[in-house]
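Everything on this sheet refers to the single structure shown next.
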Amino acid sequence: MTAQAQGRRVAPLMWRVARLVERRIETPTAQTLVLDVPGWPGQLPGQHVDLRLTAEDGYQAARSYSLAGPADGERIEVTVQRVPDGEVSPYLTDTYAEGDPLEVRGPVGGWFVWRTDDTAPVLLVGGGSGVVPLMAMIRARRAAGSRTPFRLVYSVRTPDDVIYADELRRRARDDQGLDVAYVYTRSAPEGWRGEPHRIGLADVNSHGWPPDLEPLCYVCGPTGFVETVADLLVGLGHPTRRVRTERFGPTG
């Protein structure tokens, strides 16, 4: 549900024609696309959209992508991770050009969202490109001038795989009340304490919030990652109703 739609009946979702206005390289395999979407109704941080491509012969392919930040008028951002042998993501990262059209439907989702008037501490746990909707929440927090304490635990394979690396460094320094911690699974930067490993109990326990503070927990990433982290949080005493999850598969 969009911010404008709260408290009233939501209109059926419709496909809108969008065009690319800007592209930003995030990592060797991930790019942020800024799309101009006439008539865009707004969104809540954590929601996603469907993108649909139509070939000259009429064949269509659609994929869902998380929104990367608050809407800027009629402009939205999605961050696309290129999937080898994918059907949509290679086109979006390698071929889709400025001014080209595609169709957008959304925003979609009402559970995996954070509202800026919520004051409970927030724990964000992301795996790989699962950081995208979590970054939308971080950006919305700053835009609203919220003082809600945020902690992000971000699991990536290597330092080169950190999406929004420069922005996260800047926000960890400048956004009061935001803490950022990393877990590296394959190789870590020089000077990082510990060995590369998959996220575990110690990471969630030391970088998260204690359950007695009743934080809202948002976990996003591949299915196995999300299930592991959600189980760890519940095992630490976080109520299941306070653990919100979003998972994605390998389709691209």
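Reckoned from all heavy atoms, side chains included, excluding hydrogens, waters and symmetry mates.
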Working note: Asp161 + Arg157, criterion side-chain contact (heavy atoms from CB on, under 4.5 Å); need CA distance, chi angles, decisive distance, verdict. CA-CA 6 Å; Asp161 295 309; Arg157 293 178 179 178; 3.3 Å; yes
Under a 4.5 Å side-chain heavy-atom rule over Ile, Leu, Val, Met, Phe, Trp and Tyr, are Tyr65 and Leu53 clustered together? yes
ILVMFWY cluster, Leu178 and Trp209 together (side-chain gap under 4.5 Å): no
Could you tell me whether the side chain of Arg16 and the main chain of Gly39 form a donor-acceptor pair under 3.5 Å? yes
Think Arg24 forms a cation-pi with Tyr164, using NZ or CZ under 6.0 Å from the six-ring centre and within 45 degrees of its axis? no
Give the C-alpha distance, both sets of side-chain angles, the deciding distance and a yes or no for side-chain contact (heavy atoms from CB on, under 4.5 Å) between Val49 and Val108. CA-CA 6 Å; Val49 293; Val108 180; 5.9 Å; no
Is there a side-chain contact between Asp160 and Thr27 in this structure, where contact means two heavy atoms from C-beta onward sitting under 4.5 Å apart? no
Check whether any side-chain heavy atom of Gln81 lies under 4.5 Å from a side-chain heavy atom of Ile163, and answer yes or no. yes
Rounded distance (nearest 0.5 Å) linking atom CZ of Arg23 with atom OH of Tyr96: 8.5 Å
For the hydrophobic clusters of this structure (ILVMFWY residues joined by side-chain heavy atoms under 4.5 Å, transitively), does one cluster hold both Leu236 and Leu216? no
Tell me whether Arg147 contacts the main-chain N or O of Gly177 through its side chain, where contact means a donor paired with an acceptor under 3.5 Å. no
Connected via hydrophobic side-chain network under 4.5 Å: Phe112 and Val226: no
Is there a donor-acceptor pair under 3.5 Å between the side chain of Arg247 and the backbone N or O of Thr223? no
Just by modelled atom types, is the Gly109 backbone N or O under 3.5 Å from a matching donor or acceptor in the Gln47 side chain? yes
Arg82/Asp94 salt bridge by N-O under 4.0 Å criterion: yes
Mind listing the closest non-hydrogen atom pair of Pro45 and Ala140 along with its distance? CG-CB, 3.7 Å
Is the number of heavy atoms from other residues, nucleotides or ligands under 6.0 Å of Gln60 CD greater than 12? yes
Are Phe150 and Trp114 close enough that their ring centres sit under 6.0 Å apart? yes
Point-to-point distance, once rounded to the nearest 0.5 Å, from CG of Leu124 to CZ of Arg141: 10.0 Å
Tightest non-hydrogen contact, residues Asp100 and Tyr91, listed as OD2-OH, 4.2 Å
Within the distance-only criterion (no hydrogens, no angle test), does the side chain of Thr245 pair as donor or acceptor with the backbone N or O of Val219 below 3.5 angstrom? no
Under 3.5 Å, is there a donor-acceptor pair between the side chain of Gln31 and the main chain of Thr93? yes
Side chain to side chain donor-acceptor pair (under 3.5 Å), that's the test. Do Asp50 and Ser64 meet it? Break it down for me. CA-CA 4 Å; Asp50 298 325; Ser64 293; 2.6 Å; yes
To the nearest 0.5 Å, tell me how far Arg171 CZ sits from Gln176 CD. 14.5 Å
Using only atom types and a distance under 3.5 Å, with no angle test, would you say the side chain of Asp175 pairs donor to acceptor with the backbone of Ala172? no
Quick one: CD on Gln43 to OG on Ser66, what's the gap to the nearest 0.5 Å? 11.0 Å
Under a 3.5 Å distance rule, please check whether Arg244 uses its side chain to pair with a backbone N or O of Trp111 as donor and acceptor. yes
Of the options Leu168, Asp179, Val122, Leu123, which is the one that meets Leu152 in a side chain to side chain contact (heavy atoms under 4.5 Å, CB included)? Leu168
Does any part of the side chain of Arg52, heavy atoms only, come nearer than 4.5 Å to the side chain of Leu102, both counted from C-beta? no
Donor-acceptor contact below 3.5 Å, side chain Thr148 vs main chain Ala120: no
Is there a side chain to side chain donor-acceptor pair (under 3.5 Å) between Thr116 and Ser146 once you walk through the steps? CA-CA 7 Å; Thr116 56; Ser146 170; over 6 Å; no
If you round to the nearest 0.5 Å, how far is CG of Leu201 from CG of Leu233? 9.5 Å
Using side-chain heavy atoms (C-beta onward) and a distance below 4.5 Å, is Cys220 in contact with Ser129? no
Mind listing the closest non-hydrogen atom pair of Glu26 and Thr79 along with its distance? CG-CG2, 4.3 Å
Cationic tip of Arg75 above Trp40 ring, under 6.0 Å, 45° of axis: no
Do the side-chain N and O atoms of Thr32 and Glu77 include a donor-acceptor pair separated by under 3.5 angstrom? no
Run the ring-centre check on Trp192 versus Tyr184 and record whether the distance is less than 6.0 Å. yes
Here the pair of heavy atoms bringing Leu51 nearest to Trp15 is C-CZ3, 4.3 Å
Consider only side-chain heavy atoms of I, L, V, M, F, W and Y, link residues closer than 4.5 Å, and tell whether Leu134 and Val125 are in one cluster. no
Can any side-chain N or O of Asp231 pair as donor or acceptor with the backbone N or O of Thr228 at less than 3.5 Å? no
With rounding to the nearest 0.5 Å, note down the distance linking CZ in Arg198 to OG in Ser155. 8.0 Å
Minimum-distance pair of heavy atoms, taken over all atoms of Arg186 and Thr158: CB-CG2, 4.3 Å
